[in-house]
Amino acid sequence: MKQSSGNMETAIIHSGYESQLHHDSLATPLYQTSTFSFATAEEGEQRFAGTCGGNIYSRLGNPTVRVLEERMAAIEFGGGALAFGSGMAAVSAILIHLTKAGDHVLCSRGIYGCTFGLLEMLEEKYAIGHNLVSMTTEEEIEKALRPETVCIYVETPINPTMEIVNLDAVIAVAKKHGLRVVVDNTFSSPYLQNPLKMGADFVLHSATKYLNGHGDVVGGVLVGQDAEEMQTIRFTVQKDIGAIMSPFDAWLLLRGMKTLHVRMDRHISNAKKVLEFLKQEPLVTKILYPHDENHPQFDIAKRQMRDGGGLISFEIEGGKKEAQTFMNALSMIKIAVSLGDPETLIQHPASMTHQIVPEANRQAMGISESLMRLSIGLEHTDDLIMDLAAAFEAVKPHLQEA
Ligand SMILES: *Cc1c(COP(=O)(O)O)cnc(C)c1O
């Protein structure tokens with residue numbers, strides 16, 4: 001691989017790919033193959049022994065997927081990366097790699113619903129404990145550690161409340177106690193936040209979201225500080241559980257990722273215009289956006305995130321009925337979970353992504369009945385604001401009745 005300048009905009013287009021090795025094809029070729037043939041029986045033996053390079057079988061590595069992995073390692077400043085069939089496959093791989101029966105995982109106060117589900121299952125089956133705590137200061141984190149704690153697993157900003165985890169504090173405590181740090185960086189994308197550069201051990205992404213950015217792939221990527229450890233994960237958890245990414249999905253991702261920086265800039269500038277609109281709307285009772293100066297952890301967000309991203313959560317007057325009326329009155333904005341697509345999406349966490357969380361826990365997490373999350377797309381902001389304004393008008397008669 002060529003030396004990279006360290007500029008993400010360049011690395012995301014060029015790193016990990018040498019056209020001379022692929023018949024001078026400008027685009028990365030799609031190696032849609034399950035297996036690879038060996039010139040001789042002896043060569044097959046050597047490839048299996050690892051004494052010569054070369055491909056063996058696509059679950060162990062595929063040239064198209066490898067370009068994606070090298071590119072991800074470059075843009076997240078890691079020693080190596082692995083691509084998976086979904087974000088959850090990447091989450092499962094790292095948690096299984098880092099823990100054994102009896103261990104404990106310390107988590108941020110909010111984590112992705114299926115990550116929580118996986119941890120519950122690991123607890124039930126293998127007595128691997130976990131707890132969820134606020135992580136704004138080192139004291140808070142230190143207090144929550146147990147003798148069995150082996151890693152700190154965080155997501156920041158936290159979905160859907162946009163609460164920020166103080167990564168410097170997490171990493172300082174982890175270093176002091178010899179713990180590993182895993183950061184789910186899906187919401188920020190490598191364009192806005194690079195936890196490995198700050199000292200985290202692993203970063204993972206649901207590549208389904210901003211990385212791919214076109215709403216047509218489900219995928220995941222795990223990036224690690226240490227190249228050798230990543231090879232270990234490749235030849236243990238990834239190979240034997242087998243939740244690999246298909247060559248075609250890697251090909252689509254390589255195409256989608258080339259514009260990550262361009263898309264993110266527009267997601268952000270659109271989000272800021274929508275934010276200004278929401279701020280002057282009288283029915284809005286709360287707005288949550290990491291780089292808004294009213295955000296309770298604005299200072300931390302400013303320090304660890306280059307910008308605020310494309311997600312805005314907000315509450316309106318009333319409750320679930322008003323939120324649903326609001327969403328049903330939208331015409332262009334789509335009602336859907338997921339995020340990071342060209343289309344603006346809205347979802348209602350209390351009845352959708354966080355429906356399984358008991359109401360008391362939801363309230364403690366700050367997920368009220370009228371909270372909605374917008375994933376701001378790439379449409380013209382005049383059209384976005386017009387759609388939102390019409391939805392606010394539709395809610396007004398309901399509030400007057402009540
Ligand atoms: C979507 C998402 C995941 C899970 O990724 P999949 O690709 O759907 O498996 C994990 N973490 C976060 C923060 C997500 O948004």
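Order of appearance sets the numbers: ligands from 1, and atoms from 1 within every ligand.
Put simply, part of Gly219 is less than 4.0 Å from ligand 1, judged by heavy atoms.
Residues Asn159 and His354 have side chains that never bring a donor and an acceptor to within less than 3.5 angstrom of each other. Between the side chains of His348 and Ser351, at least one donor-acceptor pair of N or O atoms lies under 3.5 Å. With no hydrogens or angles considered, no side-chain donor-acceptor pair links Asn166 and Glu140 at under 3.5 Å.
Near Glu155, meaning under 4.0 Å from any of its heavy atoms, are these atoms of ligand 1: 13 (C). Atoms of ligand 1 lying under 4.0 Å from any heavy atom of Ser206, numbered from 1 in the order shown and given with element: 1 (C), 2 (C), 3 (C), 4 (C), 5 (O), 6 (P), 7 (O). Atoms of ligand 1 found under 4.0 Å from any heavy atom of Met88 (numbered from 1 in listed order, with element): 5 (O), 6 (P), 9 (O). The contact set between ligand 1 and Ser86, taken as ligand atoms under 4.0 Å from a residue heavy atom, comprises 7 (O), 9 (O).
Scanning the protein heavy atoms around atom 11 (N) of ligand 1, the nearest turns out to be Asp184 OD2, 2.6 Å. For atom 1 (C) of ligand 1, the nearest protein heavy atom (residue, atom name, distance) is Lys209 NZ, 1.4 Å. At the shortest separation from atom 8 (O) of ligand 1 among protein heavy atoms lies Tyr112 OH, 3.9 Å.
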Would Gln280 and Glu276 count as a side-chain hydrogen bond (donor to acceptor under 3.5 Å, both in side chains) here? Give the steps. CA-CA 7 Å; Gln280 56 75 53; Glu276 288 317 307; over 6 Å; no
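Taking any N or O of Val91, backbone or side chain, none lies under 3.5 Å from an N or O belonging to ligand 1. The shortest N or O to N or O distance between Phe187 and ligand 1 is not below 3.5 Å. The N/O atoms of Thr115, backbone and side chain alike, include none that comes under 3.5 Å of an N/O atom in ligand 1.
In the displayed structure, Glu124 atom CD is contacted under 6.0 Å by at most 12 heavy atoms of other residues, nucleotides or ligands. The neighbour count for Arg266 CZ, taken as heavy atoms of other residues, nucleotides or ligands under 6.0 Å away, does not exceed 12.
Looking at Glu281, its side chain never comes within 3.5 Å of a backbone N or O of Phe392 through a donor-acceptor pair.
Using cut-offs of 30° and 60° for the angle between ring planes, the Phe48 and Phe38 rings count as perpendicular.
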